[in-house]
Amino acid sequence: MRHVLSTYLFVEQRVTVALLHRILQSGIDEIELFCARQHLDYRNKSQIEELGYWLRDSEMTVHSLHSPLFSDDAWGRSGPHAVVSITETSKVRRIKATDEIKRAIEIADTIPFRYLVQHIGMADEEYDLAKLDAAFNCLDELNIFGKQLGVEILVENTSNEFSSARQLLHLIESTHLPLSFCFDIGHAHLQEGVDHEFRLMKDRIRSTYVHDNDGERDMHLFPLHSDIGSVPWAPTMKLLRSLPEDVPMVMELRDDASMADPLVEARHTLNRLEGL
């Protein structure tokens with residue numbers, strides 16, 4: 001399978017040419033850029049142009065972009081106004097959230113990428129029909145906007161009542177939105193299990209997220225590295241190998257201060273997973 005690294009691993013650092021060069025030197029030549037303004041400030045034309053110029057002359061490619069969760073540069077700590085959620089029922093706030101996501105998609109003019117991965121709601125958000133209707137309106141608009149820039153919207157299974165595999169299929173069947181999925185292994189493990197969620201989503205999976213957890217908390221652990229990680233990786237890899245060849249393994253990992261070099265460990269983890 002293709003191997004992709006999400007820059008979420010370095011989300012507390014600014015994305016620079018030097019960081020991308022380090023990733024490339026580690027043997028990983030395809031990435032997902034994670035939109036968090038302290039990391040990748042999609043509003044900052046200078047940062048985007050600098051990265052774009054370097055990428056055009058390098059062997060590295062950008063597979064996807066993770067949609068922003070917050071509009072500030074402090075992980076939402078500036079207040080609830082910073083949350084970027086497409087389930088916002090206030091029309092004014094929903095338009096604001098949609099416009100924020102469009103700003104991120106617009107970097108495709110400078111840094112081409114194929115997919116935007118989008119959450120429906122925040123972690124642990126409860127199901128509500130009005131919120132689902134809001135999400136439909138946003139996704140419909142984002143889908144049209146993305147197509148103009150050659151970007152396809154993928155919805156991700158996340159840990160809330162909108163985004164289990166069953167709920168995502170219900171959304172598509174009831175709205176007829178032309179959407180595909182990013183299958184998040186760690187989140188599936190927190191819901192009804194990797195095998196169950198995968199089989200429901202399989203026909204629409206275009207990308208994946210690979211990370212581990214203890215079955216209770218969304219921890220984004222390195223697979224096969226921690227004693228508390230409990231994703232069944234051997235059968236999970238068998239499932240992933242049943243996908244089309246162009247669907248990649250995207251490592252969406254949280255930095256671990258105990259590691260001397262997380263890039264070396266990420267490369268080692270990919271090799272171990274492929275060897276299962």
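Along the sequence shown, the residues carry numbers beginning at 1.
A donor-acceptor contact closer than 3.5 angstrom links the side chains of T7 and H39. The closest side-chain donor-acceptor pair between H220 and D218 falls under 3.5 angstrom. Side chain to side chain, R254 and H211 fail the donor-acceptor criterion of an N or O pair below 3.5 Å. At a cut-off of 3.5 Å, with distance as the only test, a side-chain donor of H119 or E156 sits close to an acceptor on the other residue. Residues E49 and W54 have side chains that never bring a donor and an acceptor to within less than 3.5 angstrom of each other.
Interatomic distance, L51 CG to N44 CG, rounded to the nearest 0.5 Å: 9.5 Å. How far CD1 of I153 is from CG of L116: 4.5 Å, rounded to the nearest 0.5 Å.
Side-chain N or O atoms of S163 include none that pairs as donor or acceptor with a backbone N or O of N160 at under 3.5 Å. Checking side-chain atoms of D212 against main-chain N and O of V231 turns up a donor-acceptor pair under 3.5 Å. Side-chain atoms of S230 come within 3.5 Å of backbone N or O of N213 as a donor-acceptor pair. The main-chain N or O of A165 is found under 3.5 Å from a side-chain atom of E197 such that the two form a donor-acceptor pair. Between the R2 side chain and the D246 main chain, a donor and an acceptor come within less than 3.5 Å of each other. A donor-acceptor contact shorter than 3.5 Å is absent between the side chain of D255 and the backbone of F10.
Under the 4.0 Å criterion applied to side-chain N and carboxylate O atoms, R93 and E100 are not assigned as salt-bridge partners. Of the charged side-chain nitrogens involved, at least one lies within less than 4.0 Å of a carboxylate oxygen, so that D195 and R199 count as a salt-bridged pair.
Follow the hydrophobic side-chain contacts under 4.5 Å out from M219 and you never reach F183; the two are in separate clusters.
In this structure, L276 and A234 approach most closely via the heavy-atom pair CD1-N, 3.9 Å.
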I would like to know whether L9 and I23 meet side-chain contact (heavy atoms from CB on, under 4.5 Å); could you show each step before the answer?
CA-CA 11 Å; L9 180 61; I23 295 172; over 6 Å; no
